Amino acid sequence: MDKEQARQRIAELREEIHYHNYRYYVLDQPVISDAEYDRMFRQLEELEARFPDLITPDSPTQRVGAPPREELGTVVHRVPLLSLQSIYSEEEMRHFVETAIAEAGEEVTFVAEPKYDGLAVNLTYEGGILTVAATRGDGFTGEDITDNVRTIKTVPLKLLAEDGEPLPEVVEIRGEIYIPVAAFRELNRRREEAGEPLFANPRNAAAGSVRQLDSAITAARPLNIYVYGVGAVSGYEFSSEWEVLQTLRRWGFRVDECNVLCRSSAECLEFYHSLAQQREQLPYEIDGVVFKVNELAAQQKLGTRTRSPRWAVAYKFPARQETTRIRDIIVSVGRMGALTPVALLEPVQIGGAMVQRASLHNQDEIDRKDIRIGDTVIIERAGDVIPHVVKVVTERRTGAERKFRLPDTCPVCGTEVLRTEGDPIVHCPNIDCPAQLRGRIEHFASRRAMDIEGLGEKLVVQLVASNLVRHLPDIYDLTVPQLTCLERMGEKSAQNLLKALEASKQTTLARFLYALSIVHVGEYVARLLAEHFGALSAVEQASYDELVAIAGIGPEIANSILHFFSQERNRQIVRELLDKGIQIRQEEAAAATLAGKTFVFTGVLSSFTREEATAQVERRGGRVTSSVSSRTDYVVVGENPGSKYQRAQELGVTVIGEEEFRELIESS
Ligand code: IVH
């Protein structure tokens, strides 16, 4: 690149970076991923390093952040809040440590801390009292957020001091305000319920909350703080960063327990990797590890650059977000028939893996985020989570983007899909849909359905791959010679499987209906249907009105059942299954085996809702009440039981778990 080209590229980069600074710092609405921003920034730094005479004072590289928002008052920091140089490799890490050791010319150690992904703040305490709180702003001047910060319970309004302990006349304390991940999810859930716009991530939520003009709003947000350093200090002496951290903790601040002191680059790297591993489990978001030379005298010797100190670095974790483009949207059909829209992306590296697809979940999600084919999007891949679209970069729309709608028919088998009011998931109801064959067989064979022992996931994969089973009823045509040709299948297991298949043919209507994996027909609904209709043909011919007349069956379930049996292919598969010799025992109406018995439920049951469990008891003549007394016969205890459990024990009432309850129901 010659100088003229460099000049042009530098101008472009500066303009872009200025704009993104404004989006990020002022509006809290970034439109590109941090990784993309970092790349632009590094490119600008590199070009300016090659052509130093092109550096101008207004270049973003010469500044720390973005200008403060005008509505909030401004505060001039006594000592500027510097930025940190980012590094991305072990080599750069070792280089940092070695340079620091060599240049300081004495024993140096390193403090390692998480790099919090929140909002930097500067808290000024005068005579031990919090007088001013400010955002970082451009590093020199920040926004006055004193009233807002005062609402954060973990920020001491007054420094704690033990008897006679001297406090500094003035001290600037630096830390990061953040919203814990769990609280962030809850906050967004409530905003969604209230129809309010969602925050893109905890950092934006924290920044938005702290920069409110009305501190009552801030007070209602789950903000928290970790502090990690000091700026201006008068009337007090520190000699190391570690001492600063211990002192801040004594003064009443939250200082992270996981900070450590390292003596070598090996120890620094070890901490980096262990934190990277814990990253997804931490209750707050971090995006790297900060390493600081511990001894303040050594820091003095190393000095600072324009934007950042030479005695500290931020070793960033691989980015989890990237910007890319949606080439197309396809529909995948899940094992149980759910249609999921999937974005095909221009491939990008995220966190060390190449990402080419992202789940768009369902049509509601696409509509809510207004995702279109051709859009530039921010993709996130966190931990083991399937990559998803964080947001669309609408600024990059050209007008050529196309809206997407899930089709009315299954892309694999062409069957008309089932849409359910209130459920964003669209299903293909075809029991014979090739995309679902494996899932449907596994469910059919499962213990609570047809209970075919030995027909599990692995074998199903083999049977389908070898074409021995092309349709569900084919499982009943399997022979010993066919099975023994499969890997890991001996004569004995083959015979056992055939026996299990044979035994499964004697079944109940409830099991058979459940085994068909009709959308919304779980075990409980299957039982209701069996008890009400008594015979399969009656269920097949039931009308909408007959179905919704059954307590426990609403319009959604009724529609799903009607839709299922309206498909000729489904009726045919059911006929074929019966032709293989499946015999459905006549269902007897539940006997009043629990007549006169009183039940109380407490805690969460895993396979029944409270309503279902209640209906089961009542159908057998029992009664369910809400409080425990000496007349209670059974207290059924689920997960996290309440005080009723204790009361039952005090009164000596029989306490049973979910399994025992199930047995009680099933034996009757
Ligand atoms: S020390 C001179 N320590 O990172 C050192 N900063 O790029 C100044 N940050 O905006 C910062 N966690 O908000 C330091 N443990 C930590 C940090 C941390 C997050 C942020 C800080 C600042 C940015 C610097």
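Computed from a predicted model, the values in this text were never measured in an experiment. When a residue number appears, it is its place in the shown sequence, counting from 1.
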Is the shortest side-chain heavy-atom distance between [X] and [Y] below 4.5 Å?
X      : Y      : result
Leu123 : Ile225 : yes
Ser86  : Leu84  : no
Val289 : Pro114 : no
Val392 : Thr376 : no
Ile378 : Val389 : no
Gln300 : Glu295 : no
Phe199 : Leu187 : yes
Ser274 : Gln277 : no

Crowded around [X] [atom1]? As in, over 12 foreign heavy atoms under 6.0 Å?
X      : atom1 : value
Glu15  : CD    : no
Arg397 : CZ    : yes
Gln281 : CD    : yes
Glu395 : CD    : yes
Tyr125 : OH    : yes
Gln349 : CD    : yes

Regarding [X] and [Y], does a basic nitrogen lie under 4.0 Å from an acidic carboxylate oxygen?
X      : Y      : answer
Asp34  : Arg203 : no
Asp370 : Arg368 : no
Glu322 : Arg39  : yes
Lys316 : Asp38  : yes
Glu285 : Arg320 : yes
Arg325 : Glu346 : yes

Is it true that a side-chain atom of [X] and a backbone atom of [Y] form a donor plus acceptor pair closer than 3.5 Å?
X      : Y      : value
Arg307 : Ser83  : no
Thr135 : Glu143 : yes
Lys644 : Ser626 : yes
Asn640 : Val604 : no
Thr420 : Asp423 : no
Asp375 : Val377 : no

So how far is it from [X] [atom1] to [Y] [atom2], rounded to the nearest 0.5 Å?
X      : Y      : atom1 : atom2 : result
Gln43  : Ile17  : CD    : CD1   : 8.5 Å
Thr124 : Leu130 : OG1   : CG    : 8.0 Å
Leu282 : Cys258 : CG    : SG    : 7.0 Å
Trp242 : Thr247 : CH2   : OG1   : 12.0 Å

Set of side-chain contact (heavy atoms from CB on, under 4.5 Å) partners for [X], sequence neighbours left out:
X      : value
Pro341 : Ile329, Leu360, Ile366, Phe404, Leu406
Glu186 : Arg189, Arg190
Ala219 : Thr151
Val244 : Val230, Phe238, Leu248

Please identify each residue that fulfils side-chain hydrogen bond (donor to acceptor under 3.5 Å, both in side chains) with Arg14, with sequence neighbours left out.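 By the side-chain hydrogen bond (donor to acceptor under 3.5 Å, both in side chains) rule, Arg14 matches Glu48, Thr56, Ser59.
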Mind checking what makes side-chain hydrogen bond (donor to acceptor under 3.5 Å, both in side chains) contact with Glu192, not counting sequence neighbours? none
Partner set under salt bridge (charged side-chain N to carboxylate O under 4.0 Å, His left out) for [X], not counting sequence neighbours:
X      : value
Lys369 : Glu365
Arg150 : Asp147
Glu113 : Lys292

Enumerate the residue pairs fulfilling ring pair (Phe, Tyr, Trp, His ring centres under 6.0 Å) with a member in residues 159-178, sequence neighbours excluded, ordered by first and then second residue.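 Qualifying pairs, neighbours excluded: Tyr178-Tyr226, Tyr178-Tyr284.
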Which atom of Thr398 lies closest to which atom of Glu401, heavy atoms considered: N-OE2, 2.9 Å
Under a 3.5 Å cutoff, is there a donor and acceptor pairing between the side chains of [X] and [Y]?
X      : Y      : value
Ser606 : Glu658 : yes
Gln85  : Arg305 : yes
Asn259 : Asp256 : no
Thr141 : His77  : no
Gln212 : Thr218 : no
Glu45  : Thr61  : no
Tyr88  : Glu92  : no

Please tabulate, for the side chains in residues 165-176, all donor-acceptor contacts under 3.5 angstrom to protein atoms that are two or more places apart in sequence or on a different chain.
| unit_1 | atom_1 | unit_2 | atom_2 | d |
| --- | --- | --- | --- | --- |
| Glu165 | OE1 | Glu162 | N | 3.4 |
| Glu165 | OE2 | Arg250 | NH2 | 3.1 |
| Glu165 | OE2 | Trp251 | NE1 | 3.4 |
| Glu172 | OE1 | Val79 | N | 3.2 |
| Glu172 | OE1 | Arg174 | NH2 | 3.1 |
| Glu172 | OE1 | Ala232 | N | 2.9 |
| Glu172 | OE2 | Arg78 | N | 2.7 |
| Glu172 | OE2 | Asn122 | ND2 | 3.1 |
| Arg174 | NE | Asn122 | OD1 | 2.7 |
| Arg174 | NH2 | Val79 | O | 2.5 |
| Glu176 | OE1 | Tyr228 | OH | 3.0 |
| Glu176 | OE2 | Gly118 | N | 3.0 |
| Glu176 | OE2 | Leu119 | N | 3.4 |

For residues 221-242, pull every pair meeting salt bridge (Lys or Arg N to Asp or Glu O under 4.0 Å), keeping only residues two or more places apart or in separate chains.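 Qualifying pairs: none.
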Mind checking whether Tyr315 and Tyr272 have parallel, tilted or perpendicular rings, split at 30° and 60°?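 Plane angle under 30°, so parallel.
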With Arg279 as the cation and Phe317 as the aromatic partner, state whether NZ or CZ is under 6.0 Å from the six-membered ring centre and within 45° of the axis.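 Relative to the ring axis of Phe317, which defines the angle, Arg279 lies outside at least one limit.
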